[in-house]
Amino acid sequence: MMAAESSDKLNVSDDFDDEDGPVIFKRTSATSKKNQLLSEVKKSTSSLDGQTHRKSNGQNSGLQNCKIIPSVKTSPTKASVDISKASTSRVSSSNVKSPVANPKVSSSGDKSKPFSGSKVLSDVKEEKPSIKHVPRGNYEDSDDEEDNKPLSARLKTNSNHNSKAAPIVKKPIEDSDDDDDDLPLSARLSRNAGTSGSGYDHSDQKKPLLKVQKSHQDGSSTSIKQEKLVTGSVKRPLDKISSLNSSVKKPKLSDPVSSTKIKQVPVKHESKVDDDDDIPISQRLAKSSPSGNKSSSVKKIEKAVKVNKSGSASFKKQVKKMKKSGSNSEYSKSTKLLPSEGDGQKKWTTLVHNGVIFPPPYKPHGIKMLYKGKPVALTPEQEEVATMFAVMRDTDYMQKETFKSNFWSDWRKLLGKNHVIQNLEGCDFTPIYDWYQVEKEKKKQMSTEEKKALKEEKAKQEEKYMWAIVDGVKEKVGNFRVEPPGLFRGRGEHPKMGKLKRRIHPSDITINIGKDAPIPECPIPGEKWKEIRHDNTVTWLAFWSDPINPRLFKYVFLAASSSLKGQSDKEKYEKARMLKNYIGNIRAAYTKNFTSKDITRRQIAVATYLIDKLALRAGNEKDDDEADTVGCCTLKVENVTAEAPNKLQFNFLGKDSIKYENTVEVEQQVYNAILKFQEEKSPGDDLFDKLDTSKLNAHLKELMPGLTAKVFRTFNASITLDDMLTKDTKDGDVAEKIGVYQTANKEVAIICNHQRSVSKSHTAQMSRLTEKIAELQGVLKHLKTDLDRVKKGKPPLKSAERKRNLTPDALDKKITQTKAKIDKMQRDMKTKEDLKTVALGTSKINYLDPRITVAWCKRHEVPIEKIFNKSLLAKFAWAMDVDPGFRF
DNA sequence: CCCTTGACTTGGATTAATCTTC
DNA sequence: GAAGATTAATCCAAGTCAAGGG
């Protein structure tokens, strides 16, 4: 077997690896092309580049993409693309300007700090502004600058909305009265007045935010000079393009694609929704919705497709072939179809991959567990499950009755009714547990060489599953390993915890692959796949149904670094940025509805307010066989406690059963509305009884194309980061700047309630640090004494080990050093304590527009690697060449 | 509409790899 | 160089939201 396998492997890898043809970095979209072109050129140019670690295999174009891309190139593509949708906002705008800006900026940049910053900004903005359709155009600049307004001012504005807001505006606000609209709502109103429960104290953190009032300009100015260094030139195409593609997806209403079609849609909405007011804001605001769809043409047929260095001839050939036939024909076809159709749903043209890999079969260990003190022989199947349980002895699932009883019920099915083992209480798994500990120890004791060899062996086996070729580009596959059997570990009080998650076989798996691609060989001899599909409207490569909940599926997708994922990631952020242009009106609209007589409207208004201000999740309904957690729409009466005069105390379990505790000051009308919603209800009743996520999102969509509840979280997180970085970054060394970044990151994590459990060793670590500090303080004291004595001509105190005679100067220096060391330790200790329950990673991965970070790094000469690790760099390859002046 | 299905994003914990320290 | 700490990668559960069917 082994032999056979390995040989297979070899072949495969060969396939991927050979050739050398032009290395293709990206997939065939317009974007990628450009990148490719330039990549070579730029290579050494940009500093970023230099720093990034390039992968040897080249496949990871990501980094390389960062390079500069000639903006020019893009236009052609675009132009063609847009024809039909010329009207769409984003698209058109993008074509036009941006490229220009940079150069000038850089030149002026050096000196005039204050201004340079704004210049940069302006170009950036230009992107949007130019677009006529886009709601409110260039105000961004001003906005940015004004975020600094004192809280009070903002608050005021905010409240003002009531009166003024009323009519929804027809056009995108030119009057941007509230410049601070862009700010997260939280910033505007003093948020947590109270304290937050156990978690962390929100109040502290926010305050700083509010307080700061300096101007942003300095920040940007400095950055500018950098631009040259870093990027070298003007680019930005990526951005634009992205915007092009971005909104597309499932455009439905918003999809500008077919302008004709679209028109009708709006109308419909109007009548439907607003009663009092009139037209849905969205219509008014955005007359033409954004989104350009990437026309099929864009996709174009990349003939040149080759896998980077890999790809055996045969493989390659296949690919090529497919491409031709497939994409070409499709392409032409699609163009003819209705505009919207074409690519609308199409996610890829050719797709080649090798399927999935299965966990090894169970190897019985033969250790006998005890039942009522006596050894019991188990069949391998029974033993396997017993072992899963035995091994979990140290986890706290063992204290949960649900876990144990679910386990027992499933295990008993394997044992059979008449088995000697009649109950779990009589079972003693210790022998198995001990055996497992020994195995673990053995593994740990292996020499480094052995470990390495083992690792390599595994890598070799998996190599062929790690990659897929999508439209001719080699991309990493995210999770190609089928989940091994185990006991289900639900979070929180999950009713199904402890149930046996059975082994998955090939016959459970559906493979999705290109029509012309070879069907992956089933890795388990004698078995076969459940089904083969060729569905290019989805991105999954394989799926099986979840053994715990058969209504759900487990999918195999491409990795985050793939351009398919990157593209949608970018679209997500573009949508959130779009919200920035609508948020003023949205706030005005919901504020007005706080007092609507229509209770549904009022609930929608209040819910939207909470989502905006607190970044709550939407809150879909859940089944009884899931943990009982809530989001905004599913909040219960008991989850919100009113505290006169205008505070609300939230306390509930959110996603993953993470506790959300927060007390915030809210608009008086919101406070009143909540009281009203709670009237005559029991604690367990729904607070928003007239609402659910689909109604809420349907409403949001009327306010802005594509808007849904989750967009607010992205928006809130990213705008907060952008704002804090701009405000708080000062001149200083890199470490200080990174500190600013971390502070902002932490703020975002707190807003999003991203928590982590404190590590077991936390307390120990803290006390160790305390000890060390005390020790150093002792040293310091001695040094001081010595210094005094030396000055008086006396010899230092004996202390043998301690230094011999030192000059006063030397002692002085030592004292200073020691003090610094103590200081640093104390600071480290504080941040450690502060962050013990805060998870910074989640927001970095999912909520913070990487372009904010990249642009900031460029402006402030912070190496991007200090902020993004390798996988983040790969994931955010699409953001690397952002203009240094980029603002969210 | 409402409910179910399907597909994709988000998220904390676990595990593996790497860096620090004594 | 091993123990400890940190960080990165992996794992897989748990959300969000669109769409389809009745």
Side-chain angles (χ1 to χ4, degrees), chain A residues 249-253 345 347 395 440 443-445 448 451-452 455 458 478-484 486 488-492 494 496-497 501 510 512 535 537-540 543 545-546 548-560 564-565 568-569 571-572 617-623 626-627 629-634 653-658 692-698 700-701 706-711 713-714 717 749 752-757 759-762 764-765 768-769 772 828 832 835 837-847 868-875:
Chain A
K249 285 213 148 185
K250 325 191 161 179
K252 311 306 139 120
L253 309 187
Q345 302 280 57
K347 304 287 179 38
T395 71
K440 237 172 36 180
K443 223 189 217 167
K444 225 167 73 184
Q445 295 309 321
T448 24
K451 283 186 198 162
K452 204 164 143 200
K455 215 177 91 181
K458 191 179 173 211
N479 53 324
F480 49 86
R481 296 177 192 92
V482 168
E483 292 175 19
F488 177 71
R489 293 152 99 104
R491 331 258 182 129
H494 196 116
K496 296 191 172 184
M497 64 170 80
K501 199 170 68 162
T510 298
N512 189 34
D535 183 354
T537 67
V538 295
T539 67
W540 52 266
F543 83 89
S545 64
D546 180 4
I548 293 296
N549 186 344
R551 318 192 319 273
L552 304 181
F553 308 114
K554 297 287 199 173
Y555 293 92
V556 172
F557 290 115
L558 291 175
L564 218 50
K565 292 281 194 190
S568 70
D569 209 28
E571 287 166 14
K572 171 182 77 184
R617 295 188 183 82
N620 283 305
E621 307 289 338
K622 298 192 73 185
D623 283 347
E626 300 177 279
T629 62
V630 304
C632 186
C633 294
T634 40
L653 294 184
K655 181 178 179 180
D656 292 314
S657 294
I658 294 295
D692 64 33
T693 53
S694 63
K695 284 181 192 127
L696 178 66
N697 282 333
L700 293 177
K701 238 165 265 310
L707 184 62
T708 61
K710 73 184 267 237
V711 179
R713 262 168 89 79
T714 309
C752 295
N753 199 38
H754 291 146
Q755 299 192 36
R756 59 173 183 167
S757 53
S759 83
K760 290 167 287 229
S761 56
H762 180 79
Q765 289 180 31
R768 205 166 311 158
L769 281 176
K772 257 184 191 158
D828 288 351
K832 186 175 200 147
L835 293 177
T837 58
V838 183
L840 300 183
T842 308
S843 49
K844 228 177 189 176
I845 295 172
N846 299 304
Y847 289 103
F868 289 156
N869 62 34
K870 199 174 61 159
S871 35
L872 254 21
L873 285 172
K875 169 170 182 172

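Below, chain A is the first sequence line, B the second, and so on; all start at residue 1. Both backbone and side-chain heavy atoms feed into the values below; hydrogens, waters and symmetry mates do not.
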Determine the contact category for [X]: base if any of its heavy atoms lies under 4.0 Å from a base atom, sugar-phosphate if only primed atoms, P, OP1 or OP2 are that close, otherwise nothing.
X: A/G619; answer: sugar-phosphate
X: A/A627; answer: nothing
X: A/F488; answer: sugar-phosphate
X: A/P550; answer: nothing
X: A/K451; answer: nothing

Donor-acceptor contact below 3.5 Å, side chain A/R617 vs main chain A/R713: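 Absent.
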Closer than 4.0 Å, any side-chain N/O of [X] to the OP1 or OP2 of [N]?
X: A/H754; N: B/dT10; value: no
X: A/K572; N: B/dC8; value: no
X: A/S759; N: C/dA5; value: no
X: A/K622; N: C/dG15; value: yes
X: A/N697; N: C/dC17; value: yes
X: A/T708; N: C/dC17; value: yes
X: A/T629; N: C/dG15; value: yes
X: A/N620; N: C/dC17; value: no
X: A/K565; N: B/dT9; value: yes
X: A/R617; N: C/dA14; value: no
X: A/T539; N: B/dC8; value: yes
X: A/K496; N: C/dA13; value: no
X: A/K444; N: C/dA2; value: no

Residues two or more places apart in sequence or in another chain: which of them pass side chain to side chain contact (heavy atoms under 4.5 Å, CB included) with [X]?
X: A/T539; value: A/K347, A/F557, A/L564
X: A/R489; value: A/M392, A/T395, A/Y397
X: A/K875; value: A/A560, A/D569, A/I845, A/N846

Give the nucleotide from the list [options] with an atom nearest to the side chain of [X].
X: A/Y847; options: C/dC12, C/dA9, B/dT10; result: B/dT10
X: A/K347; options: B/dG12, B/dC8, C/dC11; result: B/dC8
X: A/K832; options: C/dT6, C/dC11, B/dG11; result: C/dT6

For atom [atom1] of [X] and atom [atom2] of [N], their distance in whole Å:
X: A/K760; N: C/dT6; atom1: NZ; atom2: C1'; value: 14 Å
X: A/D656; N: B/dT9; atom1: CG; atom2: P; value: 17 Å
X: A/D623; N: C/dA13; atom1: CG; atom2: P; value: 17 Å
X: A/K695; N: B/dC3; atom1: NZ; atom2: C1'; value: 13 Å
X: A/L872; N: C/dA9; atom1: CG; atom2: P; value: 9 Å
X: A/I845; N: B/dG11; atom1: CD1; atom2: C1'; value: 9 Å
X: A/L835; N: C/dT6; atom1: CG; atom2: P; value: 12 Å
X: A/K554; N: C/dT10; atom1: NZ; atom2: C1'; value: 14 Å

Please enumerate all protein N or O atoms sitting under 3.5 Å from an N or O of nucleotides 4-6 of chain B, with distances to 0.1 Å.
none

All side chain to side chain donor-acceptor pair (under 3.5 Å) counterparts of A/K832, not counting sequence neighbours: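 Scan of A/K832 (side chain to side chain donor-acceptor pair (under 3.5 Å), adjacent residues dropped) gives A/Q765.
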Could you check whether atom NZ of A/K443 has more than 12 heavy atoms from other residues, nucleotides or ligands sitting under 6.0 Å from it?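 12 or below, so no.
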Ring-plane angle category for A/F488 and A/H494, please: parallel below 30°, perpendicular beyond 60°, tilted otherwise.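 Aromatic pair A/F488/A/H494 classed perpendicular.
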Nucleotide-resolved protein contact map, nucleotides 13-22 of chain B, B/S/- at heavy-atom distance under 4.0 Å: S---S----S
Using the test ring pair (Phe, Tyr, Trp, His ring centres under 6.0 Å), find all partners of A/Y847 that sit at least two apart in sequence or belong to another chain.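 Ring pair (Phe, Tyr, Trp, His ring centres under 6.0 Å) check on A/Y847 returns A/H754.
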Identify, with sequence neighbours excluded, every residue that meets ring pair (Phe, Tyr, Trp, His ring centres under 6.0 Å) alongside A/F868.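 With neighbours one apart ignored, the set is A/F876.
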Residue whose nearest DNA chain C nucleotide is more 5′ - A/E621 or A/N479: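 The residue whose closest nucleotide sits nearer the 5' end is A/N479.
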If you assign each of A/S761 and A/E626 to its closest nucleotide in DNA chain C, which residue comes earlier from the 5' end?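 The residue closer to the strand's 5' end, by nearest nucleotide, is A/S761.
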I want to check something: taking the side chain as every heavy atom from C-beta on, are A/E621 and A/D692 in contact at a cut-off of under 4.5 Å?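 A/E621 vs A/D692: side chains touch.
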Taking the nucleotide of DNA chain B with the closest heavy atom to each, which residue, A/R713 or A/D535, is nearer the 5' end?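 Closer to the 5' end of DNA chain B: A/D535.
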With side chain to side chain contact (heavy atoms under 4.5 Å, CB included) as the test, would you mind laying out the steps for A/N512 and A/V538 before giving the verdict? CA-CA 9 Å; A/N512 189 34; A/V538 295; 3.4 Å; yes
A/D535: what forms a salt bridge (Lys or Arg N to Asp or Glu O under 4.0 Å) with it, not counting sequence neighbours?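 Testing A/D535 for salt bridge (Lys or Arg N to Asp or Glu O under 4.0 Å), a comparison that skips the adjacent residues, returns none.
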Is a donor-acceptor pair below 3.5 Å formed from side chain A/K655 to base B/dT10, judging by atom type as modelled?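 Check passes, donor-acceptor contact within cut-off.
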